Protein chains: 2
Amino acid sequence: MKPVKEIAHTISASGLKITPQRIAVIQALEKLEHPRAEEIIREVSEHIPGLSPTTVYNTLDVLVSKKIIRKVHTEADVMRYDAIPDHHHHLYCMQSDRMDDYFDPELDSLLEDYFRKKNIKGFKLKEIKLQLMGEFENKERTVIEKNA
Amino acid sequence: MKPVKEIAHTISASGLKITPQRIAVIQALEKLEHPRAEEIIREVSEHIPGLSPTTVYNTLDVLVSKKIIRKVHTEADVMRYDAIPDHHHHLYCMQSDRMDDYFDPELDSLLEDYFRKKNIKGFKLKEIKLQLMGEFENKERTVIEKNA
DNA sequence: TTTCAACTTGTAATCATTACAATATAGAAA
DNA sequence: TTTCTATATTGTAATGATTACAAGTTGAAA
């Protein structure tokens, strides 16, 4: 896990104040796998008793707006968050709602080349996101139950 | 727009009963561009007075489960629906929340080739969805043609 | 250390979606 | 065509994630 000092620096560099809540939220984002807000609230509450859900929602919004974290979308309708701002894609399984990050620079440059040649009429492309749908072959990662 | 007869046949072929509500929902899906449920409700209500929102939600769920339509996800948190079940991708502008369909068989086979060679460990890939993020250069909706 | 904008908190509101129970209807069977 | 019943629709009320708001607290600049 990233040292607190580094997290604090990231927060500060975006012109935000460093607060225990913000640090804890970012740590939770790193610890958990694409958590939904509710999971983050649960996790952070263990470190900061009396934490308000509102704070977590606010914090997530602020961090997203500063591009420190990202929102991710799955087929399940709840929002999820992602600590990793580097360019990556997602492996997603509809059955289990499990999602893993997928890094593939080779694929990225392939796509960049493709779209450099092939212009889309009337559209200025800025970012390519892939969602790779399928099934995971082992159960290793704990599946988060919808209404557990 | 597709003739009612064809729509009715599609519904029936999935073992569902043909109802005015279901036909109207599918027609609305074809008329509107990636509408959210609320837009569908508004549109269908004009043809079927006294329509219950619940019916639309139910109908959408059923049609999705029968793969007659699809759910689509955008950065805005509301669910959207898509009448076109053929494989396609999406052009999406975060500022305006506008979304267009994007067909590109050449790209699809490029990606298929790529992933045929490159196996993802522990993951059985079934479908690739691209979300192309960027900006539309004009306000009128462009119909994306085969080789745009 | 003081000061104050920025941050957090808690309650209440919102709003898309869902549960449920009563009623109506499509379409198979007679 | 009429009957019958599983399937659909409806309306109301509930849910649950998220947001608004107002009051209190705190990080950090001076």
Side-chain angles (χ1 to χ4, degrees), chain A residues 4-5 7-26 28 34-42 44-45 47-66 68-69 71-81 97 144-148, chain B residues 4-5 7-26 28 34-42 44-45 47-66 68 71-81 97:
Chain A
V4 173
K5 215 175 173 183
I7 296 176
H9 180 261
T10 305
I11 296 172
S12 192
S14 293
L16 300 173
K17 288 188 178 167
I18 300 163
T19 69
Q21 290 85 347
R22 282 173 181 172
I23 290 173
V25 165
I26 293 177
H34 302 101
R36 35 189 81 182
E38 176 256 327
E39 295 171 71
I40 299 169
I41 292 166
R42 201 174 339 113
V44 177
S45 290
H47 298 91
I48 303 181
L51 172 85
S52 167
T54 308
T55 301
V56 174
Y57 283 110
N58 285 343
T59 302
L60 290 171
D61 280 354
V62 171
L63 296 178
V64 167
S65 78
K66 296 293 183 185
I68 296 171
I69 66 171
K71 286 189 175 192
V72 215
H73 300 258
T74 72
E75 299 304 299
D77 308 357
V78 221
M79 196 58 53
R80 285 160 167 242
Y81 296 87
D97 196 43
I144 291 115
E145 311 278 341
K146 261 193 184 166
N147 283 321
Chain B
V4 173
K5 215 175 173 183
I7 296 176
H9 180 261
T10 305
I11 296 173
S12 193
S14 293
L16 300 173
K17 286 187 179 170
I18 300 162
T19 68
Q21 290 86 345
R22 282 173 181 171
I23 289 173
V25 165
I26 293 177
H34 301 100
R36 34 190 78 187
E38 176 256 328
E39 294 171 73
I40 299 168
I41 292 166
R42 203 175 335 114
V44 177
S45 289
H47 300 91
I48 303 180
L51 171 84
S52 167
T54 307
T55 301
V56 174
Y57 283 111
N58 286 342
T59 302
L60 290 171
D61 280 353
V62 171
L63 295 178
V64 166
S65 77
K66 296 293 182 187
I68 296 171
K71 287 190 174 190
V72 214
H73 299 257
T74 72
E75 299 305 299
D77 308 356
V78 223
M79 197 58 52
R80 283 158 166 245
Y81 296 87
D97 196 43

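Just so we're clear, the structure is a prediction, and the values are computed from it rather than from any experiment. Proteins get letters first, then strands, A, B, ... in listed order; numbering begins at 1 in each.
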What's the [atom1]-[atom2] distance between [X] and [N], to the nearest Å?
{"X": "B:Ile18", "N": "C:dT25", "atom1": "CD1", "atom2": "C1'", "value": "13 Å"}
{"X": "B:Ile23", "N": "C:dT25", "atom1": "CD1", "atom2": "P", "value": "15 Å"}
{"X": "B:Lys71", "N": "C:dA16", "atom1": "NZ", "atom2": "P", "value": "15 Å"}
{"X": "A:Ile41", "N": "D:dG16", "atom1": "CD1", "atom2": "P", "value": "14 Å"}
{"X": "A:Arg42", "N": "D:dA17", "atom1": "CZ", "atom2": "C1'", "value": "14 Å"}

For C:dT17, does OP1 or OP2 lie under 4.0 Å from any side-chain N or O of B:Tyr57? yes

Electrostatic pair A:Glu39-A:Arg42, nearest N-O below 4.0 angstrom: no

Hey, does the side chain of B:Ser65 reach the backbone of B:Val62 with a donor-acceptor pair shorter than 3.5 angstrom? yes

Can you check whether B:Val44 reaches B:Thr59 side chain to side chain, under 4.5 Å on heavy atoms? no

With B for base contact, S for sugar-phosphate-only contact and - for none (protein heavy atoms under 4.0 Å), nucleotides 1-11 of chain D reads -----BSSSBB

Nearest heavy-atom neighbours spanning B:Leu51 and B:Gln21: CD1-CG, 3.9 Å

Interatomic distance, CD1@A:Ile26 vs CG@A:Leu63, rounded to 0.5 Å, equals 5.0 Å

Taking atom CG of B:Leu60 and atom NZ of B:Lys71, what is their separation to the nearest 0.5 Å? 8.5 Å

